[in-house]
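Below you'll find the structure, written out as structure tokens, and then a few comments.
Letters A, B, ... mirror the listed sequences (proteins, then strands); counts begin at 1. Nothing here was measured: the structure is a model prediction, and the numbers come from that model.
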Amino acid sequence: MRLPVYLDYAATTPADPRVVAVLNQHLGQDGVFGNPSSTIHAFGRAAARAVETARTHVATLLGADPGEIVWTSGATEANNLALLGVMRAHVRKGRHLITSKTEHKAVLDVCRRLEREGCAITYLDPNPDGSIPLERIAAALRPDTVLVSLMHVNNETGVTQDLAAIGALVRNHGALLHVDASQSAGKLPFDLQTLPVDLLSLSAHKLYGPKGIGALVVRRRPVRVRLEPLLYGGGQERGLRAGTLPVHQIVAMGEACRIARVEMEAEQARIRGLRDRLWQGLTVLGAVALNGDPEQNVAGILNISFAGIAAEALLDALPNIALATGSACNSASHEPSHVLRAMGCDAMRMRGAVRFSLGRFTAVEEIDYVIDAAAAAVIRLRELSPVWETRRGRLKSRAVDWAAP
Amino acid sequence: MAELSAPAREHFTHPRNAGAFDPDALDVATARVGEPASGDILQLQLRVGEGGTIAAARFKAYGSAWTIACGSLLTERIQGRTLADVAQFQHDELLETLAVPPAKLHCAVLAETALKAALRVWAAPRTPVDAPTQIHQSRT
């Protein structure tokens, strides 16, 4: 077993060796390095063919048409393009957008920008289990609602939303639905032929591809979604995203999606088994709470609060295990998770929340190692904790003086 | 998260004087203080011996590893000293020894706050058993 153990697959995944091999074949002098726009010569045409094959792999994974895929630098850019692009292109229809308080910052920060451009944004509250109730979306829809943007799988809790029901509601209302699928593509089955989703953001590095590449699916059916580009230049990607296509990253993302489509079902079943093993191993400690819906979730993400201790101390006690508190983007700051806060968790539950995220290369020995190491650390830190002592009923009258100088 | 310094990791991994005395013992002063911004809590107990010296100290801490390390080092520094002597204690001592980064300054300050609170508890007349030892505010 290799130490440290990596259980932060929701932050990023290592590229699959098969993906790395394909990437390497599209960089050097002996590889397919051409500019796909240079179709005047063989180098460019070979590169263009490679890009189109990759486009087909991505589309096939999702049940989309290859012509609906727009390459971006990642899901952050895809989210920016979807939200800014659609809202700016539909000013005459309306300026209202609906999203939720548990979205990734790559959506929430774009919404802040849209507010400064004069858009009205409704931020929906989730249920305590992280789900966004359909009635709450229905109640928020207005005649001037242009777009609803919700993530498929939450990056902190792994909770999934019912896209079929949400999409039907939104489409019936005449608005568009954008879905950030960064955490679900290649993990949950998709069929955009039947799923009423208009725009979908993807990231390669969450599904064993390289960083720096992603895509926005812009549906052409039942209606062709109109959007304003963010970048202007060489007219690539049908004018929606200018810039020379990064062929090596694109083919790598294509290969990652091809592998995901073939292996998803067996892989997710295996990861689900590991997750259940981890959860059962840790609940033995007692006073362990699952954050998020216990049924509607992706297999690879397990968010747990350990009563009586702070997650950051637990992580410091486990230098041989890579874990996350809150989302990776947040762990540099003191801010507690905005996702758990929106779900109504109290301060200590938020402080005690640890995200374990499992993936393709997680082995059962690693899970057993993590159970043993985490259990020992939790027991040790609880022994040290005055909060845990209070929970156990001793010293119960000794209040904390929060205002001591 | 700031990576632990080597001395902080040593104290965090092998805390000195962790645990608790019977808070109702007549020679024990107990203070439990919290740092509102971070939510960290430090409990410090002093067992006061002959001539006003700290015969022993115990601590418990909730929060970051830095708070646990600061609590541990604090107990080590004050044991065997007189109450009058430790009244002059400054958190700077902890900062230097543990190489506390600026972002974790509040952990060291909390340790000093706990010590000052415990000294006040010792100096104050004994309150009836099970009454709060400090005026407290509930956190929102």
Exercise. So which of B:Ala65, B:Ala18, B:Gly63 has the biggest tally of heavy-atom pairs under 4.5 Å with chain A?
Worked result: B:Gly63
Problem set entry | Atom group of A:Ile309 that falls short of 4.5 Å from chain B, counting heavy atoms | backbone
Problem set entry | Atom pair CG/OG of A:Leu315 and B:Ser64 - distance to nearest 0.5 Å | 12.0 Å
Problem set entry | Minimum side-chain heavy-atom gap B:Pro15-A:Arg380 below 4.5 Å | yes
Exercise. Are side-chain heavy atoms of A:Leu381 and B:Ile68 found at a separation under 4.5 Å?
Worked result: yes
Could you go through residues 340-352 of chain A and list every donor-acceptor pair under 3.5 Å that involves a side-chain atom there, pairing it with any protein atom two or more places apart or in another chain?
| from | atom 1 | to | atom 2 | distance (Å) |
| --- | --- | --- | --- | --- |
| A:Asp346 | OD1 | A:Met348 | N | 3.2 |
| A:Asp346 | OD1 | A:Arg349 | N | 2.8 |
| A:Arg349 | NE | A:Asn291 | OD1 | 2.7 |
| A:Arg349 | NH2 | A:Leu290 | O | 3.0 |
| A:Arg349 | NH2 | A:Asn291 | OD1 | 2.9 |
| A:Arg351 | NE | A:Glu312 | OE2 | 2.9 |
| A:Arg351 | NH1 | B:Ser38 | O | 2.9 |
| A:Arg351 | NH1 | B:Asp40 | OD1 | 2.7 |
| A:Arg351 | NH2 | A:Glu312 | OE2 | 2.7 |
| A:Arg351 | NH2 | B:Asp40 | OD1 | 2.7 |

Using residues 85-94 of chain B as the side-chain source, report each donor-acceptor pair under 3.5 Å to any protein atom, sequence neighbours left out, with the distance given to one decimal.
| from | atom 1 | to | atom 2 | distance (Å) |
| --- | --- | --- | --- | --- |
| B:Asp85 | OD2 | B:Arg81 | NE | 3.0 |
| B:His91 | ND1 | B:Glu112 | OE1 | 2.7 |
| B:Glu93 | OE1 | B:Arg77 | NH1 | 3.0 |

Seminar exercise, completed: Distance col, row B:Arg120:CZ vs A:Asp401:CG, nearest 0.5 angstrom, shows 7.0 Å
For this session: Please flag which part of B:Ile41 lies under 4.5 Å from any non-hydrogen atom of chain A: side chain, backbone, both or neither.
Result: both
For this session: Might you point out which heavy atoms bring B:Pro36 and A:Trp402 nearest each other, and give the distance in Å?
Result: CG-O, 3.2 Å
For this session: Rounded to the nearest 0.5 Å, what's the gap from OG1 on B:Thr13 to CG on A:Asp316? Could you check?
Result: 9.0 Å
Exercise. Would you call A:Val400 and B:Tyr62 a side-chain contact if the rule is heavy atoms closer than 4.5 Å?
Worked result: no
Exercise. Taking side chain as C-beta onward, heavy atoms only, is B:Lys60 less than 4.5 Å from A:Ser385?
Worked result: no
